Every structure is written in C-alpha cells, then in structure tokens.
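Before any comments, here is the structure.
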Amino acid sequence: MIRVRFAPSPTGSLHLGSLRTAIVNFLFARKMQASFVLRIEDTDQQRSTEESTRVILDNLQWMGITFDEGPFFQTRRITSHQEYARSLVQNHQAYQCFCPQNEGTNEAFQSKDPCRELSTQAVEANLRQHLPHVIRLRIPDTPIVFHDLIKGEVSFQGGLLEDFVIVRSDGTPTYNFAVVADDHDMGITHVIRGEDHLSNTPKQIALYHAFSWVIPYFAHIPLILGSDKTKLSKRHCDTAIEDYKEKGFLAETLFNYLALLGYTHDPANPILSKEDLIKNFSWDKVSRSASQFDLQRLYWMNKQNLDRLSEEEYLQKASSWIPDLPFTEEKKNRIALLSRNQVKVWSDLPAVFSIFQTYSLPLAEAHLLLSGNQSVSPFLAQVKNELSLSDFSLDSIQKVIEREIEQLALKKRDAMQWLRIAVTGSTVSPALYETIQLLGQEETMHRLGIFLEQRQ
RNA sequence: GGCCCCCUCGUCUAACGGUUAGGACAUCGCCCUUUCACGGCGGCAAUAGGAGUUCGAUUCUCCUGGGGGCUGCCA
C-alpha cells in the first residue's frame, strides 16, 4: 500500500510553495489510490500556534485537498521519539554530547564532536551530575547515495555530515529525527517535499540505516521563485493562500496554476480539471529546475476559469462578493452578469457595481475626450429629451440613441463614448444600452441633467 | 567557505543526437467592436560561456559563470 503525507509546520499561514507540495502529494496519492496522511510538524514549540494550524486546515479544505488520515500532531509522539533515541544510544548509534551550545562561532566545520568518544564512565559521571546534554547521531564515514524521483541519482560524500543533534537538551526531538521516526511509524512509502529538504535527506537516510528501517522513496520538488529569481517571499508578492482567497481567485485556478508550474503540459490547453491533473500525473513531467511565480498568468487563468462558468455557477460563486446595495436580487444579478467581462477576480465586483451605485462626474481625462467637440451637448440633450418620453425598454433605448446619432451624423463610436462618460462618469462600463436600462429612467435623466448643467 | 541541486524567448514550457528551435502568458501592431473584455491575424523575443565526443549537440561529458538550497538544540 502506497502512503504519502503532507507535513506542514504551523508557524504561519500556508505558503504557496507548501501548497504546491501539498498538491503534488495529493495528485500522486489520488493517481495511485494511495493513502494520504496529514501531519502537523509542531516540534518547534516556540513558533507553532494553534491559530496557524487552523488556518492551514482551512486553506487545504478550500483548495479541495482531502486527506485519508490525520491531522496527526508530531508533539503527541514525543515519548515514542524518546524511546527511539534511547535505543540508539544503547546501540552506540548515538551518543550524549555535553558540549556547551555553540554561540555563533561559525568557524571551520568540525566533523568529529569531542563527546563522540567519551568513555561510558565519563558519560555516566556527567549524567549523575545532571549536566545538560543533547543526543547526537553517530554518522558513519561512508558516502550516501539515493535515487530521487525527480532529481535522479543524488550522492553525498561521506564524512562531511556532522553528527547532528537528534534530541535537544530539553529532551524534545529535532525535526530530522522526528520526521524519520514518524514517517517510519506511519508507514510512509513516498516522501514528497520541497527541495529545501534535499540536503537533509542524507541525514535522514543515516537514521534509517541506524534503525535498519526500510528507506522510502524520495521526491524533492523544486522551489518557487519570485520575479528576481530568489526564493518566493513576501518581498515579491503575497505568499499566503488566504491572500489569494481574499482577492477572489477561484480555488481551482490556484490549484491548476500551481499544479502546472514547473510541470510539462500542453500549452494550448492549460486549463485542466483536478480529475485530469490526477489522471495525467507523472514524475517525469515534474521539472528539475525552479520556476518563477507569474501573477499575470494566474490572473489570466482565473479569467479563463470564470469565463467557463455557466450563468448559474457564476452568480452562485459571485453572490458573496456582490456589495450590499438597495437593489433587488434580480437587478444585482443582471448587473453581475452584464459586467462579467470586467471581472478577473471576485474582488473586482464592487468596482463594477459602483457606477450603478453613485454618480460621480467624469475625471479630467475623460473630459478631454469631450472637450472642443460642439456636438456633445446637443447630442446628449436630444438623447435626454427623447429618452424621457420613451418607455425605456431596451429596444426603444437603442432606437432613440441610434436615431440621434444618425440625425446628427455622428460616428457611433464617438457618440457612444460621450454618452457613456456622461451617464456613468467613466470611460469603461458594461454594454451601454443595458447599463442605461438598469440605471432606470429617473436616474439616467438625473445624471444627464447634472452632466449637461456642469458642462455649460 | 564546504556540500548538494539547477540553467531553452521577459515568464511557464516543447523539441528519438538531425526542427526555419514550437506553443502559451506578457508585450507591440492590425482586425472585430459601443468602451472594457473576449476572439482573429501578425511582430519582437531563447538554447549562460568555453572546450570535448560526434558526420552532426538544446540534447551526452568536463570546466567556468550564474541562481538556489543545506551547512541551527528552525522546520
């Protein structure tokens, strides 16, 4: 039985890079019909918070990433970790180290810790005195080679790894130790994680050797970079999932984008469903190099996804983003549908509603389009007159406007833009006839009146 | 510094060792058009550098350069 896990540490919100790791785990698990385990790595007591655990869980649920087991919490397994450490010390695979904690003496690397060869008597004497100590793994002097599902063969020279700490002086296990113990106990067969863990892998393999445990498969996913090719951080853009949720991206867009970032795909057809992504998942499609995060492409993908929604789906998903206005549901829905093409993310919705909400006189730049043209006022005045007598059906609104354009021998393109500016106060709006109808006769008259007046 | 990973248009990516090095996003121009958006057509744009192997290298090998990661009693 194949078993994989996603193991975030709850020291902040879920990062885009972590999310991609979760996605790859998820795709592989579902493709292989494997068990997917969620484990919260909270061994850093200083920085771990329940709040971020909750946020991470929420984000994963929002993304539709489901688990078969968990969440398990690493700290609940401390006694088990300590058992393992004791057995390692008994077998001389690990040893107590009584050296004082290095305080920033970032000097040349010492491969051999002085406590490594301490006699049993000396160790016992120290323990009797309750001297603070850590437990270090005794790392053999042999090269470590493993096959990574993404990187291929990776080899580390022996003798270069230090005897790293597996249990801190306060008795808690360190990350590299806890991971190995947990992955083993949980029967994890494939360890899929970010490339920042690649250099940890030989240490962890040394632990597997020490315990004579079966070594799992490893897959190290390249990192996501920012626009300057350094590791993606807040300096570049938002990195937390909830930021994208709050901006009004669809979860499926983020999933789709991240799944295809650094992944071979048909460029002519980059919008894929979760099911297709699962079906087509394969390790040889995962790029070996890091990729840059491209926000513009994410926006583009979201627009593509929005365009594919049916009207019902669109309105249903849009509903929580539609501003609270004294309009009927029907009117709100009509506005939402009419303005669809101006919405790339849901947070664009309030802006497109604003022209129906309040009338503000056009900005200076819009006025520039109108200045100097003698036909603007007569045309608008005529339209106002005619519309006031009209039954305000879509059909008659259109007929009135087109008739005036014809009578004054105007270019439709120009005249429509004048009218748009006058009625909406903006150079951009949804389709004008519909917009005018939605505004209603009274409001349209009112706005044209104000506009003509201030144009005197 | 040491160890490890990586390197094709600005970005994401194609290319059994043989292609005019392809596509998509972005950008620019044109068309469509009632503005925006969509769509259509077209332009600009890449094999990091140098050796080697080979009839032939984006592809294989080595060196240099660049980027990243690890080098914590963080994960």
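Residue numbers start from 1 in every chain, and the chains themselves are labelled A, B, ... in the order their sequence lines are given, proteins ahead of strands. Just so it is clear, the model here is predicted, and its values are computed rather than measured.
- Residue contacts shown for A:Leu223 are limited to sugar-phosphate atoms, with no base heavy atom under 4.0 Å away.
- Side-chain contact annotation: A:Ser429 with A:Ser426, donor-acceptor N/O pair under 3.5 Å absent.
- A cation-pi arrangement is absent between A:Arg77 and A:Phe72, since the terminal nitrogen or guanidinium carbon is not both under 6.0 Å from the aromatic centre and inside a 45° cone about the axis.
- Set against B:C70, B:U34, B:G23, the side chain of A:Ala268 has B:G23 as its closest nucleotide.
- Residue A:Thr174 places its side chain closer to B:A75 than to any other of B:A75, B:C4, B:G23.
- Contacts of A:Gln342 with the nucleic acid, taken as non-hydrogen atoms under 4.0 Å apart, include base atoms.
- Checking A:Ser289 against A:Trp300, the closest nucleotide of RNA chain B that is more toward the 5' end is the one next to A:Ser289.
- Although no hydrogens or angles enter the test, the distance criterion places no donor-acceptor pair under 3.5 Å between the side chain of A:His220 and the main chain of A:Phe218.
- A:Thr239 places no side-chain N or O within 3.5 Å of a backbone atom of A:Lys234 that could act as its donor or acceptor partner.
- Distance A:Arg288 CZ to B:U59 C1': 11 Å, rounded to the nearest Å.
- With both pairing distances under 3.5 Å, B:U34 is matched to nothing as a Watson-Crick or G-U wobble pair.
- Looking at heavy-atom distances under 4.0 Å, A:Lys344 makes no contact with the nucleic acid at all.
- Minimum atom distance to the side chain of A:Asn341 is reached by B:C36, of the listed B:C36, B:G10, B:G39.
- Nucleic acid contact class of A:Ser291 (heavy atoms, under 4.0 Å, all strands): sugar-phosphate only.
- Summarising the base pairing, B:C70 is matched to B:G2 through a Watson-Crick or G-U wobble pair whose two defining distances lie under 3.5 Å.
- Residue A:Arg47 is in base contact, counting any heavy-atom pair closer than 4.0 Å across all strands shown.
- No donor-acceptor distance shorter than 3.5 angstrom exists from the side chain of A:Glu386 to the backbone of A:Ile401, with no hydrogens or angles considered.
- Judged purely by atom type and a 3.5 angstrom limit, A:Arg138 has no side-chain atom pairing as donor or acceptor with the backbone of A:Ala210.
- Within 4.0 Å (heavy atoms only), A:Ala431 reaches at least one base atom of the nucleic acid.
- The separation between A:Asp266 atom CG and B:A15 atom C1' is 14 Å, rounded to whole Å.
- Heavy atoms of A:Val134 sit under 4.0 angstrom from at least one base atom.
- Contact annotation for A:Ser199: base contact, defined as any heavy-atom pair under 4.0 Å involving a base atom.
- Taking side-chain N and O atoms only, A:Gln157 has a distance below 4.0 Å to OP1 or OP2 of B:C4.
- Comparing atom distances between the A:Val165 side chain and each of B:A75, B:C5, B:C73 picks out B:C73 as nearest.
- Side-chain atoms of A:Arg297 and base atoms of B:U11 include no donor and acceptor less than 3.5 Å apart.
- Side-chain contact, A:Tyr175 with A:Asn200: no donor N or O sits under 3.5 Å from an acceptor N or O.
- Each of B:C70, B:G72, B:C5 was ranked by its minimum atom distance to the side chain of A:Glu162; first place goes to B:G72.
- As judged by a 4.0 angstrom heavy-atom cut-off over every strand, A:His220 is placed among residues making no nucleic acid contact.
- Within the 4.0 angstrom heavy-atom criterion, base atoms lie near A:Arg413.
- A:Lys151 has no side-chain polar atom (N or O) that falls below the 4.0 Å cut-off from OP1 or OP2 of B:C5.
- The nucleotide B:A48 finds its pairing partner in B:U64, both defining distances of the Watson-Crick or G-U wobble pair being shorter than 3.5 Å.
- Distances from the side chain of A:Val428 to the nucleotides B:A24, B:C36, B:U34 place B:C36 closest.
- Looking at heavy-atom distances under 4.0 Å, A:Tyr263 makes contact with sugar-phosphate atoms alone, never a base.
- Close to B:A26, at under 4.0 Å from its OP1 or OP2, lies no side-chain N or O of A:Gln296.
- Pairing for B:C9 is absent, with no Watson-Crick or G-U wobble pair whose two atom distances lie under 3.5 Å.
- A:Leu298 has its CG atom 12 Å from the C1' atom of B:C25, to the nearest Å.
- Nucleic acid contact class of A:Ser155 (heavy atoms, under 4.0 Å, all strands): sugar-phosphate only.
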